[in-house]
Amino acid sequence: MLEIKEIWKTFNAGTVNEKQALRGVSLTLNDGDFCTVIGGNGAGKSTMLNAVAGTWTVDSGTISIGGTDVTRLPEYKRAKFIGRVFQDPMLGTAPTMQIIENLALAARRGQTRSLKWGITKAEKERYQELLRGLDLGLEDRLTSKVGLLSGGQRQALTLLMASLQKPKLLLLDEHTAALDPKTAAKVLELSDRIVEENHLTTMMVTHNMKDAIVHGNRLIMMYDGRIVIDVSGEEKKKLTVPQLLDLFSKVSGSDEADDKLLLS
Amino acid sequence: MNPIALLNSLPGAVSQGLIWGIMAIGVYLTYKILDVADLTVDGTMCTGGAVFIMLTMAGWSIPAALLASFAAGMLAGLATGLLHTACGIPAILSGILTQLALYSVNLRIMGKANQPINANNYKLLVSSRNVKVLSVENPILVVGIVCLVVIALLYWFFGTELGCALRSTGSNPAMSRAQGINTNFTTVLGLMLSNGLVALSSALLSQYQGFADVSMGRGAIVIGLAAVIIGDVIFGKVFTNFALKLLSVVIGSVIYYTVYSLVIWLGMSGDDMKLITSLIVALFLSIPYWKGKYFSKPAKKGGAANA
Ligand SMILES: Nc1ncnc2c1ncn2[C@@H]1O[C@H](COP(=O)(O)OP(=O)(O)O)[C@@H](O)[C@H]1O
Ligand SMILES: [Mg+2]
């Protein structure tokens, strides 16, 4: 479903701030894979997701989604294939627009926007039903501005928006990191449900090793712009946090300092 | 300080307010919806009138000349939009560049700095001569209807899929791209629409006053902002519907011109009005900043994070 081949990305090339954020990353995800991504701050996790989403183009390497080469496609054209939820709850929704308007925008992801009316009646009922499923009381607030919602409500809404137009790939970038633990657990549970119901191929970045082990069928760890650990199947199921830490220090040839970084 | 003189000046003030109201709607589209301050409008506010007068004198029908003015405004918006999106120049600077270029263009269109049109020789849509006449030719009625038509069309457009995409572009561009919206396209489209309306307003103004002048758009952006702000301050809380928001911009503009004539009546020079307008707009633009800085309540903890 997703095929990343040898992608490289350097920021601010030729300046004192030069940073090689991706150094030859390759990754293939099969249809229906749920891959969790861990790694210390600055390891390149968000950069890898941004490369796939097309926030900018990579320096070299190729990316294809569902057999389509998207390496040179601008972000808005790739959006057809990709659903995204960001770390910052502010990023995923249009705050000055209504809940229902945000949903209607997302339902048309990847379609040409015409002069047809923006929201149909049938849609309204569908959204109400889906919002009821979130169990956040949003089904009665269809015309509320999204700017009035809490961070958790926004992330749940963004998740729902990402799944309205079934994406080939769902990208979750620490989408629970800004939430309090209780809300985070709820949103994570919702993510699992949406992934399962829609059989979505998913990449989920998390800073929580336990979550990374519990969720999904595959786990990768990034370090310094590269994928250094890749476990899946039975091996992943049996993985424990201490084992993961151990694996990491072997691969990175480092000691405790990095372990702390990882857990942060 | 004759009160009759003040009363006499009112119909003219309302007419001008309505005409500039269409211009202010254009400013509202960019400033409030797209979230860019577009300085092109100072130039476009002459281009529309210049195009209208030259085409009318060349024998074009009034509706055709009005449409051409609208199209000319859209072209100006296109120029600014491309400078911004295709050339990566900041929006403010793009607008300034087009505005300056339009100064030359406007002179070229008119052939001189001031181009009059004789209302006796052409069947103009509005004229200040009819401002106190109780007939269907009264500019208050005519421009009032034009305003309502413009508001109705915009209300429809911003309810469509494309219009919603334009609104979301201003609200959250990153999210809009993630939803598959070509934000470069929507930004250019918004700038074109806005400048089209400004040019339409300019075409009406040139008929009303009987001439187009190369400096008639100077400071237009600030007058537009003043109308938007006045409308928002007075009606912002009660008018939540989009059509009513646009209406409040027009009313804001009418209030602006009414105050303008009051200021003149009080014996002040019209030349000082730009200074006063600037000060008032600067004051109102600073209020949200000061509020946040000096009067902010301590942020509520927890409440925002709970789902
Ligand atoms: N747009 C950007 N411009 C410059 N540097 C960037 C940009 N995005 C990421 N970086 C740098 O690339 C490195 C990897 O960042 P990121 O992928 O965000 O890390 P993380 O694994 O914590 O998500 C960091 O050093 C970061 O500073
Ligand atoms: Mg990150």
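To find a chain, count down the sequence lines: A is the first, B the second, and so on, and within it residues start at 1.
In this structure, CD1 on B/I181 lies 11.5 Å from CD on A/Q111, to the nearest 0.5 angstrom. Atom CE of residue A/M97 and atom CE of residue B/M175 lie 7.0 Å apart, to the nearest 0.5 angstrom. Between the OG1 atom of B/T169 and the CG atom of A/L105 there is a distance of 9.0 Å, given to the nearest 0.5 Å.
With a 4.5 angstrom heavy-atom cutoff, A/T158 does not touch chain B via any of its atoms. Contacts of B/F158 with chain A are absent, with no heavy-atom separation under 4.5 Å from either backbone or side chain. With a threshold of 4.5 angstrom between heavy atoms, A/E101 approaches chain B through side-chain atoms but not through N, CA, C or O.
Exactly one residue among A/R84, A/R113, A/R108 makes a side chain to side chain contact (heavy atoms under 4.5 Å, CB included) with B/Q179. That residue is A/R113.
Summarising the local packing, CD of A/E197 is surrounded by more than 12 heavy atoms from other residues, nucleotides or ligands at distances under 6.0 Å. The local environment of CE in A/M1 is crowded, with over 12 non-hydrogen atoms from other residues, nucleotides or ligands closer than 6.0 Å. Atom CZ of A/F34 sits in a crowded spot, with more than 12 heavy atoms from other residues, nucleotides or ligands closer than 6.0 Å.
Of the listed residues (B/A165, B/G163, B/S168, B/S176), the greatest number of heavy-atom pairs within a distance under 4.5 Å of chain A belongs to B/S168. Ranked by heavy-atom pairs under 4.5 Å with chain B, the first of A/K116, A/K80, A/M161 is A/K116. Each of A/A106, A/P74, A/G147, A/A184 has some count of heavy-atom pairs under 4.5 Å with chain B, and the biggest count is that of A/A106. The residue among A/R154, A/E75, A/Q165 with the most heavy atom pairs within less than 4.5 Å of chain B is A/E75. Considering only heavy-atom pairs separated by less than 4.5 Å from chain B, the leading option among A/G110, A/P89, A/G83, A/P95 is A/P95.
Across every non-hydrogen atom of A/T93 and B/N172, the tightest pair is O-ND2, 2.8 Å. The nearest pair of heavy atoms linking B/R177 to A/A79 is O-CB, 3.5 Å. Residues A/W117 and B/Y155 come closest through the heavy atom pair CH2-O, 4.2 Å.
Looking at B/E161, its side chain does come within 3.5 Å of a backbone N or O of A/S114 through a donor-acceptor pair.
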